[in-house]
Number of protein chains: 2
Amino acid sequence: MAPGTREKLIEVATRLLDEGGVEAVTLREVGRLAGVSHNAPYKHFASKETLLAAIAASELTRLNTVLTETTKRRRTPETALRTAMHRYVTWALEHPERFRLIFGRWSIESAELGEAAHLAQTTFVSMVAAAQDSGALPEGDPVRLASLLRALAHGAADLASAGHLAARGKGNAGPGDLVDDLFDYLRTVPSTSA
Amino acid sequence: MAPGTREKLIEVATRLLDEGGVEAVTLREVGRLAGVSHNAPYKHFASKETLLAAIAASELTRLNTVLTETTKRRRTPETALRTAMHRYVTWALEHPERFRLIFGRWSIESAELGEAAHLAQTTFVSMVAAAQDSGALPEGDPVRLASLLRALAHGAADLASAGHLAARGKGNAGPGDLVDDLFDYLRTVPSTSA
DNA sequence: ACCTGAACACCGTTCAAGT
DNA sequence: ACCTGAACACCGTTCAAGT
């Protein structure tokens, strides 16, 4: 039941990340809060970026689990997909620093993070394909349509979390509203009658 | 014709940003390359982040100029808007570090950067409204529709510049293709017959 | 008005050494 | 196998001082 130093380091580093962004994650402070010396982290992680990659992979894996669990019992493929995208933008707004860490640039390869990202994408594409089959989304290459949906959700979440989304005016559309708008538009697209 | 130290500092810092990301921009290296002491920058900028904000504001202003110039002579409002969005994603891919700097999180307020962002948004919304009037885009609140278009372009550019956009499969849709896809979908949306 | 040099309090990372 | 303490080469920032 003892958490183990490695897990403790990740836990503490995640807290520092949430509180002050990636700049606040210093190995010295991580070690201090974990009750070890300032370079004990090097016994578990090759570098600071490796620790950050472990955080990112852990969080993305958790997000994958939450999204698949949440959408399992939805009645229609469209509802499942919409729900997943809403949860995604909600998660991004609740954990802006984790969101930015995961989708930032990496100078190292992390197998763990790469696999989690691949799993997320595969799951998402199959959800899009199911919604296409149900007639809620237009026909065509599901990978390409999934890229469109993902780009919108990602961009809306990123702009909103950085405060760059139009906050003026009446409607005050949040990222979730933009997701709904896109779904509503796509619903009306006539079939290509291939 | 002498550039002046302040401009020289911005120029050198921009070069460092492009070459190695924001992490490579150290005031000491900026000073060294500008031929001044390692803390001469403090005579022109209150902090490192103030220097970064000056870079971001300068680049966003430049982008505004390029986009309005480029779209001036387009035949239709839709062509102008499409062109602007294509240029935007192209710029993001060509200058990924400037893109990420501008849209990252700021712990300081920069009036210069805020004004450039506001100008960009205002211009963009008016282009969207013109495209709506021409019938190329569905009716409705232009601010909200502009947010949708902007979120897509931003998300596509961000994912692509970080290498997170689906690179597998045949089509290999780039961010510009996603912009076109969205326009094609929106073109078919029936009018609300208000 | 603009710049310099020394100094302070931090970093990430390495290394020799301990159990 | 895991950890410590000292050390190195950096940072951003401040300050007294120079022209």
Side-chain angles (χ1 to χ4, degrees), chain A residues 1-58 97 100-101 104-110 112-113, chain B residues 1-58 97 100-101 104-110 112-113:
Chain A
M1 261 301 162
T5 302
R6 191 191 139 96
E7 280 66 37
K8 181 90 177 169
L9 291 170
I10 292 182
E11 175 198 321
V12 162
T14 304
R15 194 160 75 232
L16 287 172
L17 175 70
D18 287 338
E19 287 168 359
V22 73
E23 282 184 11
V25 184
T26 70
L27 290 181
R28 297 171 116 96
E29 184 70 2
V30 167
R32 205 182 63 78
L33 291 176
V36 292
S37 76
H38 73 278
N39 61 24
Y42 284 97
K43 309 307 164 184
H44 302 272
F45 303 97
S47 68
K48 177 179 174 175
E49 205 178 0
T50 309
L51 168 59
L52 292 175
I55 297 175
S58 165
E97 298 299 345
R100 290 179 103 77
L101 176 69
R105 291 196 130 181
W106 296 92
S107 65
I108 59 169
E109 285 291 322
S110 162
E112 215 185 347
L113 182 55
Chain B
M1 262 299 164
T5 302
R6 191 190 139 95
E7 281 64 38
K8 180 88 179 172
L9 291 170
I10 292 182
E11 175 198 322
V12 161
T14 303
R15 193 161 75 233
L16 287 172
L17 174 70
D18 287 339
E19 287 169 358
V22 74
E23 284 184 11
V25 183
T26 71
L27 290 181
R28 296 171 116 94
E29 185 69 2
V30 167
R32 205 183 62 78
L33 291 176
V36 292
S37 77
H38 71 279
N39 60 23
Y42 283 96
K43 309 306 163 184
H44 302 272
F45 303 97
S47 68
K48 178 179 173 175
E49 205 177 1
T50 308
L51 169 60
L52 292 175
I55 297 175
S58 163
E97 299 299 345
R100 292 179 102 77
L101 175 69
R105 289 195 133 184
W106 295 91
S107 65
I108 59 170
E109 285 290 324
S110 163
E112 214 186 350
L113 181 54

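Every heavy atom of this structure was used, including side-chain atoms; hydrogens, water molecules and symmetry mates were not. So that the names make sense, note that chain A is the first sequence line, chain B the second, and so on, each numbered from 1. In this text the structure is predicted, and so the values were computed from the model without any measurement.
The shortest non-hydrogen separation linking A:Arg15 to A:Leu33 is NH2-CD1, 4.4 Å. Closest approach of A:Ala13 to A:Ile55, counting heavy atoms only: CB-CD1, 3.5 Å. Across all their heavy atoms, B:Ile10 and B:Ala54 have their closest contact at CD1-CB, 4.0 Å. Heavy-atom minimum distance, B:Trp106 versus B:Leu101: CZ2-O, 3.3 Å.
Using Watson-Crick or G-U wobble geometry with both donor-acceptor distances under 3.5 Å, C:dG12 finds its partner in D:dC8. If you check D:dC3 for Watson-Crick or wobble pairing at under 3.5 angstrom, you find it has no partner at all. The partner of D:dA17, taking Watson-Crick or G-U wobble pairs whose two distances both stay under 3.5 Å, does not exist in any strand shown.
C:dT13 atom P lies 12 Å from atom NE2 of A:His38, rounded to whole Å. Remark: C1' of C:dA16 and OH of A:Tyr42 are 17 Å apart, rounded to the nearest angstrom. The CZ atom of B:Phe45 sits 11 Å away from the P atom of C:dC3 (whole-angstrom rounding). Between the P atom of C:dC3 and the CZ atom of B:Arg32 lies a distance of 18 Å, rounded to the nearest Å. Rounded to an integer number of Å, the gap from CD of A:Glu23 to C1' of C:dC11 is 12 Å. Atom CZ in A:Arg6 sits about 15 Å away from atom C1' in D:dA1, given to the nearest Å. Residue A:Arg28 contributes atom CZ, which lies 11 Å from atom C1' of D:dG5 at whole-angstrom precision. For A:Leu51 and C:dT13, the CG to C1' distance is 14 Å, given to the nearest whole Å.
For C:dC2 and D:dA17, the C1' atoms lie 13 Å apart once the distance is rounded to whole Å.
A donor N or O paired with an acceptor N or O is not found under 3.5 Å between the base of D:dG12 and the side-chain atoms of B:Asn39.
In terms of position on DNA chain C, the residue among A:Ala46 and A:Glu29 whose nearest nucleotide sits closer to the 5' end is A:Glu29. Between A:Ala40 and B:Val25, the residue anchored closer to the 5' end of DNA chain D is A:Ala40, taking for each the nucleotide with the nearest heavy atom.
Distances shorter than 4.0 Å separate none of the side-chain N or O atoms of A:Lys43 from OP1 or OP2 on D:dC3. Look at B:Thr5 and you won't find any side-chain N or O under 4.0 angstrom from OP1 or OP2 of C:dC2. At D:dC3, one or more side-chain N or O atoms of A:His44 fall inside 4.0 Å of OP1 or OP2 (strictly under the cut-off).
Comment: B:Glu29 engages B:Arg32 in a salt bridge, judged by a side-chain N to carboxylate O separation of less than 4.0 angstrom.
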